[in-house]
Amino acid sequence: MSKEKYDFYERVFDVVRLVPHGRVTTYGAIAKFLGASKSSRLVGWAMNRSHGLIPTVPAHRVVNRVGLLSGKAHFSNPTEMQRLLESEGIQVKDDQIINFYDVFWDPALMDL
DNA sequence: TGAATGACTCGAT
DNA sequence: GATCGAGCCATTC
């Protein structure tokens, strides 16, 4: 519970909040962007704690490397994640993003 | 303090 | 090409 320095979680939240509307990213991409490509699991941990944060963290825009809504079960309602994605124009079928390659957004490629 | 956990990823079979 | 197993690292019990 360190508070002085930027927590690993906060950095993750920061990146997730940078994800453009209608786009998604992966845990690995975030981890890699933070310089901890091998800590992709920590990104998942961070998301688990993202509930109730202000400002809200668009955790629904974060999926695993194959575009699967691996974390939808952790939402208030399992259907919430898919519903949010679809509302942003992202096609989801069987808990998986269809046009994943098209909507994928890599924080490392963000336009500075 | 040590062991277990996790919304992942990659490499090998 | 699909499936299985090990690695990785911070947080939690």
Side-chain angles (χ1 to χ4, degrees):
Chain A
M1 323 319 190
S2 39
K3 17 203 158 160
E4 296 184 359
K5 66 178 182 183
Y6 230 36
D7 286 290
F8 185 86
Y9 289 167
E10 282 213 44
R11 276 183 281 180
V12 173
F13 301 148
D14 216 27
V15 176
V16 175
R17 283 194 278 251
L18 287 174
V19 178
H21 183 274
R23 290 294 173 88
V24 298
T25 189
T26 67
Y27 302 95
I30 296 171
K32 185 178 181 182
F33 180 70
L34 295 177
S37 54
K38 302 180 178 178
S39 305
S40 46
R41 296 179 139 183
L42 279 305
V43 179
W45 269 110
M47 293 297 97
N48 213 336
R49 305 212 138 209
S50 67
H51 284 283
L53 280 184
I54 308 291
T56 52
V57 178
H60 61 276
R61 294 186 189 143
V62 184
V63 296
N64 68 355
R65 70 179 187 88
V66 297
L68 195 66
L69 310 189
S70 47
K72 73 161 202 161
H74 290 262
F75 278 72
S76 349
N77 288 326
T79 55
E80 185 74 356
M81 188 173 186
Q82 178 173 339
R83 199 172 60 77
L84 287 168
L85 288 172
E86 289 179 336
S87 72
E88 295 187 357
I90 299 175
Q91 299 178 355
V92 179
K93 170 125 188 171
D94 233 12
D95 303 336
Q96 185 173 320
I97 298 175
I98 298 176
N99 53 342
F100 178 62
Y101 187 83
D102 293 328
V103 297
F104 175 68
W105 179 83
D106 191 338
L109 302 177
M110 100 173 96
D111 200 18
L112 299 175

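Source: prediction; values computed, not measured.
When the C1' atom of dA7(B) is taken as reference, atom CZ of F13(A) falls 12 Å away, rounded to whole Å. In this entry the distance linking CZ of R49(A) with P of dT5(B) reads 17 Å, nearest Å. Straight-line distance from the CG atom of L42(A) to the P atom of dT12(C): 11 Å, rounded to whole Å. Distance, N48(A) CG to dA10(C) C1': 13 Å, rounded to whole Å. The distance from atom CE of M47(A) to atom C1' of dT5(B) is 18 Å, rounded to the nearest whole Å. For L34(A) and dA10(C), the CG to P distance is 13 Å, given to the nearest whole Å.
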Interface polar pairs with nucleotides 1-5 of chain C, N/O, under 3.5 angstrom:
none

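Pairs passing the side-chain hydrogen bond (donor to acceptor under 3.5 Å, both in side chains) check and including a residue from residues 18-34 of chain A, sequence neighbours excluded, do not occur. Annotation: salt bridge (charged side-chain N to carboxylate O under 4.0 Å, His left out) contacts involving residues 52-66 of chain A, sequence neighbours excluded, comprise R61(A)-E88(A). Counting only residues at least two apart or in different chains, ring-ring contact (aromatic ring centres under 6.0 Å, His included) contacts with residues 70-99 of chain A comprise H51(A)-F75(A).
A46(A) comes within contact range of no nucleotide atom at all, as no heavy-atom separation falls under 4.0 Å.
Between the CD1 atom in I30(A) and the CZ atom in F13(A) there is a gap of 10.5 Å [rounded to 0.5 Å].
For W45(A), taking side-chain heavy atoms from C-beta onward, the closest of the listed nucleotides dA10(C), dA7(B), dC9(C) is dA10(C). In this structure, the nucleotide among dT11(C), dT12(C), dA7(B) sitting nearest to the side chain of Y9(A) is dT11(C).
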Table please: side-chain donor-acceptor pairs of residues 78-85 of chain A below 3.5 Å, with sequence neighbours left out.
| from | atom 1 | to | atom 2 | distance (Å) |
| --- | --- | --- | --- | --- |
| E80(A) | OE1 | R83(A) | NH2 | 3.2 |
| E80(A) | OE2 | R83(A) | NH2 | 3.2 |
| Q82(A) | NE2 | E86(A) | OE2 | 3.2 |

Show the atom names and distances, to 0.1 Å, of all donor-acceptor pairs under 3.5 Å that link a side chain in residues 93-107 of chain A to residues at least two apart or in another chain.
| from | atom 1 | to | atom 2 | distance (Å) |
| --- | --- | --- | --- | --- |
| D95(A) | OD1 | K72(A) | NZ | 3.1 |
| D95(A) | OD2 | K72(A) | NZ | 3.3 |
| D106(A) | OD1 | A108(A) | N | 3.0 |

Checklist outcome for this item: Going 5' to 3' through nucleotides 8-13 of chain B and flagging B where a protein heavy-atom sits under 4.0 Å of the base, S where only the sugar-phosphate is that close, and - otherwise, we get BSS---

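Residue I54(A) belongs to no hydrophobic cluster, having no ILVMFWY side-chain heavy atom closer than 4.5 Å to its own. Membership of the apolar cluster around V66(A) extends to L68(A), as traced through chained side-chain contacts below 4.5 Å between ILVMFWY residues.
Hydrophobic clustering of Ile, Leu, Val, Met, Phe, Trp and Tyr side chains at less than 4.5 Å, counting indirect connections, keeps V57(A) apart from V24(A).
F33(A) pairs by the ring pair (Phe, Tyr, Trp, His ring centres under 6.0 Å) definition with nothing, not counting sequence neighbours. Evaluation of the side chain to side chain contact (heavy atoms under 4.5 Å, CB included) rule for S40(A) yields A31(A) as partners, not counting sequence neighbours.
For H60(A) and dA7(B), a side-chain-to-base donor-acceptor distance below 3.5 Å is absent, hydrogens and geometry of angles not being considered.
Within residues 93-109 of chain A, no residue has any heavy atom under 4.0 Å from DNA chain B.
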